[in-house]
Protein chains: 2
Amino acid sequence: MALEHAILVSLLEKPGSGYELARRFERSIGYFWTASHQQIYRVLKRMESDGWVEVRDVAQYGRPDKKEYSVAGRGRDALSAWLNEPTEPESVRHDLAVKVRGAAFDDPTALISQVERHRQAHTDRLTHYLAGETRDFGDPPPDGRLDAERELQHAVLRGGIAYERMMIAWLDDVLATLARLDTGR
Amino acid sequence: MALEHAILVSLLEKPGSGYELARRFERSIGYFWTASHQQIYRVLKRMESDGWVEVRDVAQYGRPDKKEYSVAGRGRDALSAWLNEPTEPESVRHDLAVKVRGAAFDDPTALISQVERHRQAHTDRLTHYLAGETRDFGDPPPDGRLDAERELQHAVLRGGIAYERMMIAWLDDVLATLARLDTGR
DNA sequence: TACATCATGTAAGGCGTTACATGATTCA
DNA sequence: TGAATCATGTAACGCCTTACATGATGTA
């Protein structure tokens with residue numbers, strides 16, 4: 001999997017500029033695939049020269065002009081090829097898990113505040129996801145039809161919600177373990 | 001967070017060679033921080049020249065000789081400094097989530113087999129974790145005391161178990177969504 | 001006038017992946 | 001004899017992060 005594919009999906013959902021894509025990668029898409037604006041501008045250039053996307057200069061009033069990108073035929077083909085190619089589950093990276101195991105060789109109690117900070121971050125994200133769910137999926141679609149784009153976006157959001165809930169529960173478990181070590185049971 | 005810190009934790013738990021570390025990164029530590037043997041050898045060299053680890057040549061019978069690494073004083077200090085430095089939650093990367101959203105622009109039904117493959121991979125891992133839990137934490141420690149290293153390792157393993165369970169449940173949710181789109185409810 | 005936001009980039013360096021390479025020992 | 005496992009590396013290339021850079025417009 002590459003950043004290209006995430007950009008293609010985002011541009012198919014809605015065309016936009018590099019700047020707008022960068023903003024989307026701070027929310028929405030960015031919750032399961034991150035990228036900085038530097039990466040995005042570089043990759044967009046390559047995608048343009050490969051004919052995956054098309055650019056259109058858009059003059060704006062009260063704002064700097066922008067380049068609006070949209071997916072070209074070759075980009076659609078590339079996405080389709082990637083979608084049908086099997087991929088392995090991504091490797092997980094949890095620095096906090098390394099810290100928890102490392103704390104046994106330092107001061108376990110000192111880790112409590114950090115675990116609490118992470119817990120807060122995950123609670124904030126959960127709140128944000130739940131608000132987004134109510135806003136975007138709270139009412140049935142106006143036309144009543146089953147919209148694949150909408151249903152699949154919702155399924156991904158439910159994944160984010162499940163992930164945050166799991167993390168909060170696990171961090172509580174870690175906090176309880178640290179407390180037990182502190183008091184000696 | 002860097003690979004160095006994960007290596008320090010692993011070597012504190014038990015000294016070993018680069019090869020042995022690479023094997024541990026395929027299991028245990030590798031479930032929340034991955035690394036290839038090429039990376040490990042390169043980083044070990046740097047850690048040695050920085051005085052973070054010490055090397056000892058170990059002659060073996062019936063096997064090639066190996067270099068056994070253990071953590072030096074400076075390595076312990078480096079780990080301690082990192083443990084006490086606040087870190088942000090790692091960014092998540094789920095290619096399957098990108099595919100799920102991308103499937104709306106291709107053939108959603110074609111994704112079913114891939115989701116099932118991922119589900120199988122997560123089920124296998126869960127089975128493996130649960131077996132490890134019974135093996136390593138099934139009985140109370142022989143001396144009955146509260147061992148920080150053991151308790152924290154167990155807490156991290158419980159995190160892995162919770163993660164796999166959450167993923168399996170979410171993949172079932174995605175499969176149900178894809179089926180609904182296929183039959184048109 | 002100063003700060004925030006919109007908008008787009010370059011450059012350096014480190015991290016990670018893929019491919020290539022070597023050689024010993026054990027077991028079928 | 002051949003395959004698997006143990007053991008240790010080098011090299012090339014690409015991805016990602018961090019830092020630096022510029023300039024327009026809107027708002028307090």
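Letters A, B, ... are given to chains in the order of the sequence lines, protein chains preceding strands, and every chain is numbered from 1.
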| message | Can you confirm whether B:Lys67 sits close enough to B:Val58 that some side-chain heavy atom of one is under 4.5 Å from a side-chain heavy atom of the other? | response | no

Nucleotide [N], atom [atom2] - distance to [atom1] of [X] in whole Å:
X: B:Ile40; N: D:dG9; atom1: CD1; atom2: P; result: 13 Å
X: A:Gln39; N: D:dC15; atom1: CD; atom2: C1'; result: 7 Å
X: B:Leu3; N: C:dG14; atom1: CG; atom2: C1'; result: 12 Å
X: B:Leu44; N: C:dG16; atom1: CG; atom2: P; result: 14 Å
X: B:Asp65; N: C:dT25; atom1: CG; atom2: C1'; result: 12 Å
X: B:Tyr69; N: D:dA7; atom1: OH; atom2: C1'; result: 11 Å
X: B:Glu20; N: D:dT8; atom1: CD; atom2: P; result: 8 Å
X: B:Ile7; N: C:dG16; atom1: CD1; atom2: P; result: 10 Å

| Does a side-chain N-to-carboxylate-O contact under 4.0 Å join A:Arg74 and A:Asp50? | no

| request: Salt-bridge test for A:Arg46 and A:Glu4: reply yes if a basic N is under 4.0 Å from a carboxylate O, no otherwise. | output: yes

Nearest to the [X] side chain among [options], which nucleotide is it?
X: B:Lys45; options: D:dG9, C:dG16, C:dC6; value: D:dG9
X: A:His37; options: C:dT8, C:dG16, D:dG9; value: C:dT8
X: A:Ser36; options: D:dT17, D:dG9, C:dG16; value: D:dT17

Would you say [X] places a side-chain N or O within less than 4.0 Å of OP1 or OP2 belonging to [N]?
X: B:Arg93; N: D:dC16; result: yes
X: B:Arg46; N: C:dC15; result: yes
X: B:Ser17; N: D:dT8; result: yes
X: A:Lys67; N: C:dG9; result: yes
X: B:Tyr19; N: D:dT8; result: no
X: A:Tyr41; N: C:dT8; result: yes

| Can you say whether the rings of A:His128 and A:Tyr31 are parallel (under 30°), tilted (30 to 60°) or perpendicular (over 60°)? | perpendicular

| said: Would you call the rings of B:Phe137 and B:His154 parallel, tilted or perpendicular, taking 30° and 60° as the class edges? | reply: parallel

| field | Earlier contact from the 5' end, DNA chain C, for A:Pro64 and B:Ala35 | value | A:Pro64

| query | If each of A:Tyr61 and A:Gln38 is mapped to the nucleotide of DNA chain D with the nearest heavy atom, which maps nearer the 5' terminus, i.e. the 5' end? | reply | A:Gln38

| With a 3.5 Å cut-off and just heavy-atom distances, do the side chain of B:Arg42 and the base of C:dG16 make a donor-acceptor pair? | yes

